[in-house]
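Step one of this worksheet: look at the structure below.
A, B, ... follow the sequence lines: proteins, then strands. Residue 1 opens every chain.
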Amino acid sequence: MKNISKKIKNNIFNVIIWLIVFLVNFPLIWMLSSSFKQRDEVYAYPPIIFSKDPTISNFIELFRLTNFERYFVNSIIVAVCTTLITILIATLAAYSLSRFKIKGSRIISKLYIIIYLVPRVVLLIPIFLIMKNFNLTDNLFGVVITYTVLAFPYCYLMLRSYMGSISKSMEESAMVEGATRFGAFIRVVLPVAIPGIIATSIFAVIICWNEFLFALVLLTSDTNKTLTIGVSSLLDQYAVRSWGVLMAAGVVVTIPMIIYFIIVQRRMVIGLTAGAIKE
Amino acid sequence: MIRVINSDRNLAKIFLIPSLLLILIFNIYPIFYVIVISLQDRGLFDQTANFVAFKNYITIFKDSAFLNALKNSFIWTFSTTFFELVIGTIIALLLNRNFKGRGIARGLVLVPYVIPAIVSTLIWKYMFNDLVGLINYVLKILNISQNPITFLASPKLAMPVVILVNVWHYFPFVVISILAALQSIKADLFDAAQVDGASNFQIFRYIIIPTIAPVFIMVALLRTIFNFQKFDIIYMLTQGGPLNKTTTLPILIYNQAFIAYDISKASSYAIVIALILILMSSLYMKYFDNAERRVEE
């Protein structure tokens with residue numbers, strides 16, 4: 001008797017949990033199914049969940065009739081450049097501050113932690129004015145610099161703790177065998193740090209792919225827009241005409257994030273198992 | 001050249017130069033710059049400006065736009081954070097039990113957090129649409145409302161809808177954090193408790209609550225700090241409307257600086273936000289320090 005009531009309880013629990021999973025993901029299922037609907041199916045009443053005659057015409061219209069392709073390329077350029085620059089600067093800073101004690105390194109350490117807490121709205125107006133002075137408004141390079149500023153504190157903090165966990169004995173033995181400190185950094189420390197660097201790059205990429213406020217302020221002409229502000233301007237133009245096209249845009253914006261997560265996840269596991277050097 | 005690089009001290013300095021330049025030019029200088037602008041009377045495209053001392057700050061508390069945004073910011077911050085925490089914790093507790101497909105369920109619950117905010121906005125704007133939106137259809141067949149509701153244009157409903165979208169997007173952050181804490185409880189602790197005849201309630205009260213409490217407080221503070229600064233989801237959904245009902249402080253700053261071109265007033269608002277955030281962050285730091293000290297003792 002007790003077993004049966006336990007079974008019923010478990011079944012009720014299972015129903016509840018999968019119902020929650022379904023409800024949480026329903027908006028995404030709805031977006032995906034709507035992006036493949038025929039034009040009249042998007043406006044059908046009562047609504048249709050899955051198209052009877054799936055089509056990719058929404059995606060074709062998205063790329064042919066709008067500047068979406070441009071936004072997409074811009075976002076990739078910004079994300080790749082920002083991530084590379086930020087990781088380079090943050091890796092150097094993290095290595096320097098985790099290994100050497102020089103004059104002022106304590107204050108600099110503190111400073112880099114405090115800037116993590118500076119709110120973006122405080123930087124918004126001065127950064128806009130600085131970029132305007134350098135003629136870098138409505139320019140992707142200006143956006144890359146700005147995003148480097150936004151991503152640096154996160155990347156530095158992550159890399160700092162990662163560098164701190166790498167044993168000094170490896171680079172010391174390399175130096176005993178005649179390597180310079182710089183050579184030891186390039187050939188011994190960096191390869192071991194790769195998993196940490198990859199994990200950190202996720203943060204930089206996410207910040208770039210999602211950022212909205214600074215892009216809105218810095219970029220004005222349509223051909224310079226990144227995905228977030230580009231799609232948001234499509235929303236203003238297309239909401240009356242075609243929700244199918246907008247849902248297709250949503251799908252395309254999401255795909256690179258998912259691919260990136262899958263690739264990075266696998267590489268992270270390889271990195272962790274390959275480098276058994278962490279103490 | 002090689003000798004310079006060989007010297008550790010020089011290497012340490014050279015490695016710090018790029019980050020120091022970045023921080024000094026784009027973080028430290030802007031902080032002083034924004035303070036200076038807030039003491040002036042300056043338009044966005046002005047080359048020169050008058051110094052007006054604290055005039056912008058003195059008028060702030062009689063400024064109805066500011067007071068409205070401050071009120072909205074508090075409503076927004078506390079309700080989103082509250083619902084994120086409640087929903088996130090309940091789902092984390094459910095996902096901590098043993099059941100078939102637990103790994104898949106955990107992965108799927110995190111999806112909203114992974115997708116870009118612009119995509120969340122797109123989907124929910126579609127679902128809440130008055131003409132073709134699914135939600136209006138459901139309300140109709142459930143006989144709750146016969147006429148389509150224009151959610152995002154309604155002064156009463158816009159704020160709750162924006163809150164709902166933000167909660168949907170960010171509750172997985174709470175789930176991840178609480179689940180991590182729950183995972184740290186060793187299984188034999190539950191077994192021992194059950195052998196000793198502890199009831200489910202007692203296990204919850206004496207094992208689960210003490211384990212997740214520190215994480216819960218930390219997440220609550222973090223989410224409060226983040227939500228207080230939130231701009232994108234609100235702006236993309238309503239642009240602060242209707243009738244400024246969803247204009248929070250960050251949106252007011254944007255409007256004041258880049259629509260009304262009054263960067264001095266906008267800067268004084270930004271300083272006030274920063275002060276409120278410093279207060280919240282210091283609470284966070286203090287709590288962190290206390291927690292660390294307790295671990296050390």
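Residues S19(B) and Y156(A) bring no donor and acceptor atom of their side chains to less than 3.5 Å of each other.
Only the side chain of F171(B) comes within less than 4.5 Å of a heavy atom of chain A; its backbone N, CA, C and O stay farther away. Contacts between L88(A) and chain B at a heavy-atom distance below 4.5 Å are absent for every atom of the residue. Neither the backbone nor the side chain of F214(A) has a heavy atom closer than 4.5 Å to any heavy atom of chain B. Looking at I37(B), only its side chain comes within 4.5 Å of chain A, counting heavy atoms on both sides. Contact of I108(A) with chain B is made through the side chain alone, with heavy-atom distances under 4.5 Å. Residue I23(B) touches chain A through its side chain alone, counting heavy-atom pairs closer than 4.5 Å. Interface remark: K103(A) contributes no atoms to any contact with chain B (heavy atom separation under 4.5 Å). With a 4.5 angstrom heavy-atom cutoff, I25(B) touches chain A only via backbone atoms. For a residue to count as touching a neighbouring chain, one of its non-hydrogen atoms must lie under 4.5 Å from one of that chain's; by this rule K100(B) touches chain A with the backbone only. With a threshold of 4.5 angstrom between heavy atoms, I258(A) does not approach chain B through any atom at all. With a threshold of 4.5 angstrom between heavy atoms, V42(A) approaches chain B through its backbone and through its side chain. With a 4.5 angstrom heavy-atom cutoff, N210(A) touches chain B via backbone and side-chain atoms both. Only the side chain of I253(B) comes within contact range of chain A, judged by heavy atoms closer than 4.5 Å. The contact between A257(B) and chain A is made entirely by side chain atoms (from C-beta outward), counting heavy-atom distances below 4.5 Å. For I229(A), no part lies near chain B; criterion is any non-hydrogen pair under 4.5 Å. Heavy-atom distances place no part of I141(B) under 4.5 Å from chain A, backbone and side chain included.
Looking at T228(A) and P116(B), their side chains never come closer than 4.5 Å, going by heavy atoms from C-beta outward. Side-chain contact between V231(A) and M236(B): absent, with no pair of heavy atoms (C-beta onward) separated by less than 4.5 Å. Inter-residue side-chain proximity for F15(B) and F100(A) is flagged as unmet; no heavy-atom pair is nearer than 4.5 Å. Residues F258(B) and F128(A) meet the side-chain proximity criterion, which asks for heavy atoms closer than 4.5 Å. In this structure the side chain of K13(B) reaches within 4.5 angstrom of the side chain of I102(A), judged on heavy atoms. Using a 4.5 Å heavy-atom threshold, the side chains of Y126(B) and S34(A) count as touching.
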Start with the C-alpha gap between V149(A) and L22(B), add the side-chain angles, then the distance that decides, and say whether side-chain contact (heavy atoms from CB on, under 4.5 Å) holds. CA-CA 7 Å; V149(A) 175; L22(B) 185 83; 4.0 Å; yes

Evaluate the side-chain contact (heavy atoms from CB on, under 4.5 Å) criterion for residues L216(A) and Y254(B): first the C-alpha distance (whole Å), next the side-chain angles of each, then the deciding distance (0.1 Å), finally the verdict. CA-CA 10 Å; L216(A) 181 69; Y254(B) 171 80; 3.5 Å; yes

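For R120(A) and F231(B), the positive end is not near the middle of the six-membered ring at less than 6.0 Å and at most 45° from its axis.
For the set V132(B), D232(B), L134(B), V111(B), the count of heavy-atom pairs under 4.5 angstrom toward chain A peaks at L134(B). Top candidate by heavy-atom pairs under 4.5 Å with chain A, chosen from L20(B), I263(B), I278(B), is L20(B). Put simply, of F32(B), Y269(B), Y29(B), Y235(B), the one with the most heavy-atom pairs under 4.5 Å next to chain A is Y235(B). Looking only at heavy-atom pairs under 4.5 Å with chain A, the residue among I123(B), I273(B), I115(B), V109(B) that has the most is I123(B). In terms of non-hydrogen atom pairs under 4.5 Å with chain A, the most contact-rich of V114(B), L94(B), T121(B), L249(B) is L94(B). Between chain A and the residues Y137(B), Y33(B), W124(B), F99(B), the largest count of heavy-atom pairs under 4.5 Å involves Y137(B). Counting heavy-atom pairs closer than 4.5 Å to chain B, the top-ranked of the candidates N14(A), V253(A), L28(A) is L28(A).
Scanning all heavy atoms of the two residues, the minimum distance from F26(B) to I130(A) falls at CE2-CG2, 4.0 Å. Listed here is the closest heavy atom pair of K125(B) and W243(A): C-CH2, 3.8 Å. Nearest heavy-atom pair, L123(A) versus P30(B), reported as atom, atom and distance to 0.1 Å: CD2-CB, 3.9 Å. Considering all non-hydrogen atoms of both residues, F45(B) and K132(A) come closest at CD2-NZ, 3.8 Å.
Within a 6.0 Å sphere centred on CD1 of I28(B), heavy atoms belonging to other residues, nucleotides or ligands number more than 12. Shown here is D40(A), whose CG atom has more than 12 heavy atoms of other residues, nucleotides or ligands within 6.0 Å.
The one candidate from T254(A), V252(A), V251(A), L227(A) that meets the side-chain contact (heavy atoms from CB on, under 4.5 Å) condition with V119(B) is T254(A).
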